[in-house]
Amino acid sequence: MSRYNFRASETRWQRVWEERGTFRAEIDHARPKYYVLEMFPYPSGRIHMGHVRNYTLGDVVARLKRGQGFNVLHPMGWDAFGLPAEGAAVKRGIHPGIWTWGNIAEMREQIKMMGLSIDWSREFATCDPAYYRHEQAMFVDMWERGLVYRKESWVNWDPVDNTVLANEQVIDGRGWRSGALVERRKLAQWFFKITAFADELLEAIDGLERWPDKVRLMQRNWIGKSQGARVRFAINGRDDRLEVFTTRPDTLFGASFMALAPDHPLSAELAKNNPELAAFVAECLRGGTSEAQLETAEKKGFDTGLTCRHPFMEGVDLPIYVANFVLSEYGTGAVFGCPAHDQRDLDFARKYGRPVRPVVLPPDADPAAFAVGEEAYVGEGRIFNSAFLDGLDVESAKRRAIEELERLQIGSGETTFRLRDWGISRQRYWGCPVPMIECPSCGTVPVPRDQLPVELPEDVDFTGAGNPLDRHPTWKHVACPRCGGAAERETETFDTFVESSWYFARFCDARNEALPFSREAADYWLPVDQYIGGVEHAVLHLLYSRFYTRAMSACGYLDLAEPFAGLFTQGMINHLTFKDAKGEWVEASKVAKRDDGQWVLVEDGSPVIPGRVEKMSKSKLNTVDPTEIIQGYGADTARLFMLSDSPPDRDLEWTDAGIRGAWNYVNRLWRLVEERLEGLPPPGTPAPAEGLEGSDLELKRQIHRTIAAATEELERFHYNKAVALVREFSNGIEAYKGANGALLREAVETLVRLLEPMTPHIAEELWERLGHATLLAEAPWPTAQAAWLQADELVIGVQVNGKRRGEIRVARDCPKEQVEAAALAEDNVRRAMEGKPPRRVIVVPGKIVNVVV
RNA sequence: GCCCGCUUGGCGGAACAGGUAGACGCAACGGACUUAAAAUCCGUCGGUCGCAAGGCCGUGCCGGUUCGAGUCCGGCAGCGGGCACCA
C-alpha cells in the first residue's frame, strides 16, 4: 500500500485545475451566480497565517457553492499602493514599484501553493495604471457631481518629514517616524462627501442581515447620529449670534455658561485684541489630540468677558468662555453648558464657580430637596424649574422646547452626525495621483478624460522627507487643459482606502480597458455574496466601500447601494510567546519542549520562559511561516488545521500538536480509502437503497445524516463542527465490518466529496484512485435522502425530579403512554422513586421523560 | 467613562429554539506490535466515594423562574474588543 505523497499530489492537481480552467468564471445567466471574496492582500512580500486562514475560509465557501451548482466568482488581486513600499525605497534604495511587483510575484507563488479555487485570469494590482486610471476617471465624475470637494481643514503636520500624518500615525503627540512634535495645521485637502450619505448609510445597516451584529453596531456608532436642536443665542453688545448644537434642548433652563472651541471663529476674533486669550488658544491648539492626553486633560476655560442672553429667561445672561474641551469639528463648535445634567459641564462649572441649576427631577425625588453633588444627573425624569416645560418628561420637553425655539425664530430641530467627510489627500508618492490641475486663471480643472491616467513619474528620489511628487523638477508643471496657460498638477495622491473601495467591482470585469467595469458584468456579479476578512476593517474599509458603491451608482456605473450582501469576520491567529532569561523575546519557531516539560532553545538547549498566547506578530517573534508548514505537511494539512477545532470567527491558537493532528488525519484518510479499494465495485455502481439491516443500515444512515449535517454546518460557517462530523463519519466507516461493497463505495465517495472544500488535493487524488475519470472539483455536491435521516429506535433519558436516573430504548413513533410505562418500569428509575407514586410524568417525545414524585 | 462580546474537563471546543453536559480532536496514561524508535492498532480519560452496581458534586460567582437551566431573568466578578471631552 502506498503512502500519500502530498508534494506530488498537490502540484499535480494544482496544474490540472489550472490547465482545465476549472475555476474560470464567465457570465452565465442559466445558473445562479455566487461571488465569494476575501479581503485582498497588501503585497508585503510574504504571506502570513492570517492570509492562510482567510483564503481557506473563502475557498471552502467557493468550492461548496460550486458543488451546489452556483456559477462561482472567486478572484484574487493586490492592494498594492501604500507606505511600506516608500519605506523600502528610503531604506534600501529600491523603487516602490519594483519592490511591490517583486513582492506580488513572490506572494502569488505562495498563495498558489494553497490550492485555492481562484480565477487567476482576473488578477490585478491597484498600483497598475490600468487600474487606477479608472479610479481617476471616477474621481472626476464624482467631482462633477459634487461628491468630491476641496477645503481647508486641520491636519496633523509633521514639521520634520514635511507631511500630513493620519491620526494613527501620531503617537503621544509626536510623529511616529520623525519623533517631532506634531503640529495642527490648516491645509487644503480633497474630500469625499461621505456625509451626504450619512443617513442612508445608517438606515441601510438594518438591511445588512448577513453581517455580524458587532460590525453593524460599530458602524452605527461611527456614523453617530444625534438628534437635537440648533439654538442661536443673542450676544450682548453685538449684532451676531452664537450658534450652538445640543441634544438636550429640554435642559435649556439649566444653562449656566457658554463655551467656544479654541478655533471657533469668534475665539479667533477675540484673541486678536486679547493677548492672554491668544496665548490660551495657542496652548489648546498645541495640545496633542492623542487619546491619552485627552483623557487626562483638565477642563480649562478662558472667560471672554462677553455674555449671551438666555433665549427663554428674561434678564438672565450667560458668560461666554473659550474652553479646551469643545471640538470645532463637531456640531457648531460651540455649546451651552448645563452643569446639572452633563458631567463635563458640571466639572467645568465647579471649577469656575458657575451655578448648578437642576431642571430634570428624578422619579420620586423631592423637588425642594433635590440637588446635584459631584455627579450630574443624566437619567429620565420630570422637568422642573423650567417655566413652560415644567411637568413634561424629557422627550416631550425636547419637542416642546424646539417648538418654542422655532416660534421665536431662534432655533430649530437638527440632526448631527459624528461621521466626517473622508479626507483622501496624502502627501506621498506611492499612491494614485489626484487627477486635478490648479490653474491661476481657471481655478481647479480636472485632467481631461482622454489624458488619463495621470501616471506616477518613475524618476524620483526618495529621501523620506516631504512629498517626492512635489519635489519632482518637471512633473507638476503642465499647461492648463482649459486655457493652455501655465498651471500646476495636484501633487497629492489618494488615501489607499480609495483603491480598496471598488476593487470588488473591478474583479467583475478586470480586463476592461474602456471602463472600470461594464454595467453588464456589475449587474450580473454584484453584490459580493460572501465577503470574508478581519474585523479590523469593520469601520474604515467596510464603510468607505459602502459609500463608494453609492457614489458609483450616482455616477451611473452601476445600480447598487450595498456592495457586500454577506460579511464574515474571522478571528486572529495567536501563538505562544517566549522570552529568555534576560526578558528578551525569543523566536517561537526556534523553541521546543523537552520531555521534562521545560521549554528550551533548540540550538543550544538554553531554557526559555513561555509567556502569554498572543496575536502572531513580528515584534513578538511568534510568527510561523505558512510556506514552511505547507512544504513540510502540505496545503491540505494546513487548511484542515485552520478549519478544525476553533470556530472561524474566534481566535485560533497555533500549536504544533494541532498541525500534527491534521497531518495524522490526512494520512489516516488515505489509508482508509486505500485499504478498502479492492473490495469496491466499479464507479457508477448504484448505491443500495433497500433491504439494509444491522451495520449496513447503520452505515447507510450515517452517510445521509453526515451529508445533511455537514452541509448545514458548512453553510453556517461552523467549519469546526463540519470537520468533527466528517471525522465521526470516518470513524464510522472504519468500524464498518459488513461486506456490502456498493454501500462501502457510497460511504467512501461521500466522505471524499464532503472533504473536497477543506482538503481539495487529497480528495481529488482519492477520487481518482476510486476510479473516476472526471474531476471531483467539478462533481455535484451530494444530497441527503430523507428516508435515511431518522433511526427507528431512540434512546431516551429518564429523570426523576430532574436528575437523570436511567435510559430507555423506544421506537421512534412510540405512543406517549408506552414511553411513560417503559420509563416507570426501568430499574434505576424505580429505585430512585423509592416506592413513591409518580405525582406527575412529563414526556417530551423523542427527548426525555421526567418523573416527579 | 460609555457601548458590545465572552467565561463549559489538562487544552481547543460540542450541546439547533430550556430537555441525556463534555460530540470531535489535542494532550496524558495503560496495553499490543517492534531489537529500538517512529508510525499504527486496542483501551482509559470532569472531580470524588465505592470491589461493583451505583451515589454525590460539577458549565466564573450569588440569587430567581421552571417538572427540568450551560441555555431564560436579576445582580456581581474576571477577561477581551470598540468608541471616547461628540454637546
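Residue numbers start from 1 in every chain, and the chains themselves are labelled A, B, ... in the order their sequence lines are given, proteins ahead of strands. What you see below is based on every heavy atom in this structure, not just the backbone, and it leaves out hydrogens, waters and symmetry mates.
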Could you verify whether a donor N or O on one side chain and an acceptor N or O on the other, from T577(A) and N622(A), lie under 3.5 Å apart? no
Residue matched to [N] through Watson-Crick or wobble contacts both under 3.5 angstrom:
N	result
C2(B)	G82(B)
C33(B)	none
A17(B)	none
U7(B)	A77(B)

Pick base, sugar-phosphate or nothing for [X], based on heavy-atom distances below 4.0 Å to the nucleic acid.
X	result
T246(A)	sugar-phosphate
D347(A)	nothing
L327(A)	base

Please report the distance, rounded to the nearest Å, between [atom1] in [X] and [atom2] in [N].
X	N	atom1	atom2	result
K803(A)	A69(B)	NZ	C1'	13 Å
R668(A)	C24(B)	CZ	P	11 Å
H575(A)	C11(B)	NE2	C1'	14 Å
Y330(A)	A84(B)	OH	P	13 Å
E820(A)	G19(B)	CD	P	21 Å
N221(A)	C83(B)	CG	C1'	7 Å
E653(A)	G10(B)	CD	P	17 Å
D656(A)	G12(B)	CG	C1'	15 Å

In whole Å, what separates the [atom1] atom of [N] from that of [M]?
N	M	atom1	answer
C72(B)	G19(B)	P	11 Å
A15(B)	C6(B)	P	14 Å
G9(B)	G58(B)	C1'	10 Å
C57(B)	G70(B)	P	13 Å
C61(B)	U8(B)	C1'	15 Å
A37(B)	G31(B)	P	13 Å
G10(B)	G46(B)	C1'	10 Å
U35(B)	A27(B)	P	26 Å

Find which nucleotide of RNA chain B each of E728(A) and R420(A) is nearest to by heavy atoms, and output the residue with the more 5' nucleotide. E728(A)
Of K300(A) and R650(A), whose closest RNA chain B nucleotide lies nearer the 5' terminus? R650(A)
Side chain of Q799(A), heavy atoms from C-beta onward: which of C83(B), A27(B), A21(B) has the nearest atom to it? A21(B)
Which nucleotide in the set G12(B), U20(B), A87(B) lies at the smallest distance from any side-chain heavy atom of V335(A)? A87(B)
Expected list for residues 718-726 of chain A near RNA chain B, using heavy atoms below 4.0 Å, is N720(A), K721(A), A724(A)
Interface residues of residues 834-853 of chain A with RNA chain B (non-hydrogen, below 4.0 angstrom): R840(A), I842(A), V844(A), K847(A), I848(A), N850(A), V852(A)
Taking OP1 and OP2 of [N], is either one under 4.0 Å from a side-chain nitrogen or oxygen of [X]?
X	N	answer
N731(A)	G25(B)	yes
R418(A)	A84(B)	yes
R805(A)	A53(B)	no
S226(A)	A87(B)	yes
R344(A)	C86(B)	yes
N664(A)	A39(B)	no

Ion pair [X]/[Y], N-O distance below 4.0 Å:
X	Y	answer
K225(A)	D199(A)	yes
D347(A)	R344(A)	no
E674(A)	R671(A)	no
R220(A)	D206(A)	yes
R716(A)	E712(A)	yes
E243(A)	R230(A)	yes

Please output the side-chain donor-acceptor pairs of residues 799-808 of chain A that fall under 3.5 Å, not counting sequence neighbours, one pair per line with the distance.
| unit_1 | atom_1 | unit_2 | atom_2 | d |
| --- | --- | --- | --- | --- |
| N801(A) | OD1 | V853(A) | N | 3.0 |
| R804(A) | NH2 | E807(A) | OE1 | 2.8 |

When you measure from the centre of the six-membered ring of W670(A), is the NZ or CZ of R3(A) closer than 6.0 Å and no more than 45° off the axis? no
Work out which heavy atom in I573(A) is nearest to a heavy atom in W654(A); give both atom names and the distance. CG2-CB, 4.3 Å
Which atom pair, heavy atoms only, marks the closest approach of A198(A) to L419(A)? CB-CD2, 4.1 Å
Report the glycosidic orientation of G70(B): syn if within 90° of 0, anti in every other case. anti
What do the steps show when you test S226(A) against Y330(A) for side chain to side chain donor-acceptor pair (under 3.5 Å), and what is the final call? CA-CA 11 Å; S226(A) 338; Y330(A) 186 77; 2.9 Å; yes
